[in-house]
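What you see is a predicted model; the values in this text were computed from it and never measured.
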Amino acid sequence: MFVVIAYDVAAHRTEKYRKLLSRYLMGVQFSVFIGDLTEVKYQQLHGALRHLLQEQDRVLVVSTGNRRNIHVSHWMMHGEMEDINHLGSGVL
């Protein structure tokens, strides 16, 4: 499955999330990670995130069965646009 995860947590907790998510997904922005996961890896990540969550933490997870059902593009300053459909496409 293709997964996009974004988080909004207290500054002193961001490193914990970055370390965890970078084991499973590719970072595309400071608090946004994307990639393809097997169902088993997704469940492992889900469990690790639930263990890490604290009351004020906010985590957004968007998933789809496969990346053929979604188009992902990364927009940058000056109208540049990078097609990132191919990034993070290796199933872990």
Side-chain angles (χ1 to χ4, degrees):
M1 76 178 53
F2 180 71
V3 180
V4 178
I5 297 181
Y7 60 88
D8 182 13
V9 300
H12 68 279
R13 296 183 47 72
T14 59
E15 186 64 14
K16 292 179 181 186
Y17 278 89
R18 188 196 63 74
K19 283 182 179 180
L20 172 64
L21 292 171
S22 65
R23 285 188 295 191
Y24 293 88
L25 304 166
M26 182 184 68
V28 293
Q29 292 184 2
F30 290 122
S31 61
V32 180
F33 289 76
I34 66 169
D36 291 292
L37 297 175
T38 63
E39 184 65 32
V40 170
K41 288 289 185 183
Y42 177 79
Q43 292 302 325
Q44 289 173 350
L45 175 56
H46 182 261
L49 282 171
R50 288 183 57 83
H51 181 73
L52 186 60
L53 274 171
Q54 291 186 352
E55 189 173 329
Q56 298 300 317
D57 294 352
R58 300 291 179 257
V59 177
L60 172 72
V61 179
V62 178
S63 64
T64 182
N66 61 60
R67 64 177 46 243
R68 281 173 252 158
N69 296 337
I70 190 170
H71 176 78
V72 179
S73 59
H74 186 201
W75 294 32
M76 296 172 281
M77 189 73 144
H78 307 296
E80 299 173 26
M81 192 167 80
E82 178 184 5
D83 183 354
I84 57 175
N85 281 311
H86 64 287
L87 299 178
S89 60
V91 174
L92 303 173

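- Rounding to the nearest 0.5 angstrom, the gap separating the CG atom in Leu45 from the CG atom in Leu20 is 5.5 Å.
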Using atom types as modelled, flag every donor-acceptor pair under 3.5 Å from a side chain in residues 11-19 to any protein atom, sequence neighbours excluded.
| from | atom 1 | to | atom 2 | distance (Å) |
| --- | --- | --- | --- | --- |
| Arg13 | NE | Asp57 | OD1 | 3.3 |
| Arg13 | NE | Asp57 | OD2 | 3.1 |
| Arg13 | NH2 | Leu52 | O | 2.5 |
| Arg13 | NH2 | Asp57 | OD2 | 2.9 |
| Thr14 | OG1 | Ala11 | O | 3.0 |
| Glu15 | OE1 | Arg18 | NE | 3.2 |
| Glu15 | OE2 | Arg18 | NE | 3.4 |
| Glu15 | OE2 | Arg18 | NH2 | 2.5 |
| Tyr17 | OH | Asp57 | OD2 | 2.7 |

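- For the pair Tyr7 and Phe33, the tightest heavy-atom approach, listed with the atom from each and the gap, is CE2-CE1, 3.7 Å.
- To the nearest 0.5 angstrom, Met1 atom CE is 7.5 Å from Leu37 atom CG.
- Here the OG1 atom belonging to Thr38 is positioned 7.0 Å from the CD atom belonging to Gln44, to the nearest 0.5 angstrom.
- For Val61, the side chain to side chain contact (heavy atoms under 4.5 Å, CB included) criterion is met by Val3, Ile5, Tyr42, Val59, not counting sequence neighbours.
- Contact between Ala6 and Val32 at its shortest, heavy atoms only, is CB-CG2, 4.1 Å.
- Looking at residues two or more places apart in sequence or on another chain, you find a side chain to side chain donor-acceptor pair (under 3.5 Å) between Gln43 and Glu39.
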Thr64 vs Val4, side-chain contact (heavy atoms from CB on, under 4.5 Å): CA-CA, chis, key distance, verdict: CA-CA 9 Å; Thr64 182; Val4 178; over 6 Å; no
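- In this structure, Arg58 CZ and Leu53 CG are separated by 9.0 Å, a value rounded to the nearest 0.5 Å.
- Rounding to the nearest 0.5 Å places CZ of Arg23 at 9.0 Å from CG of Leu21.
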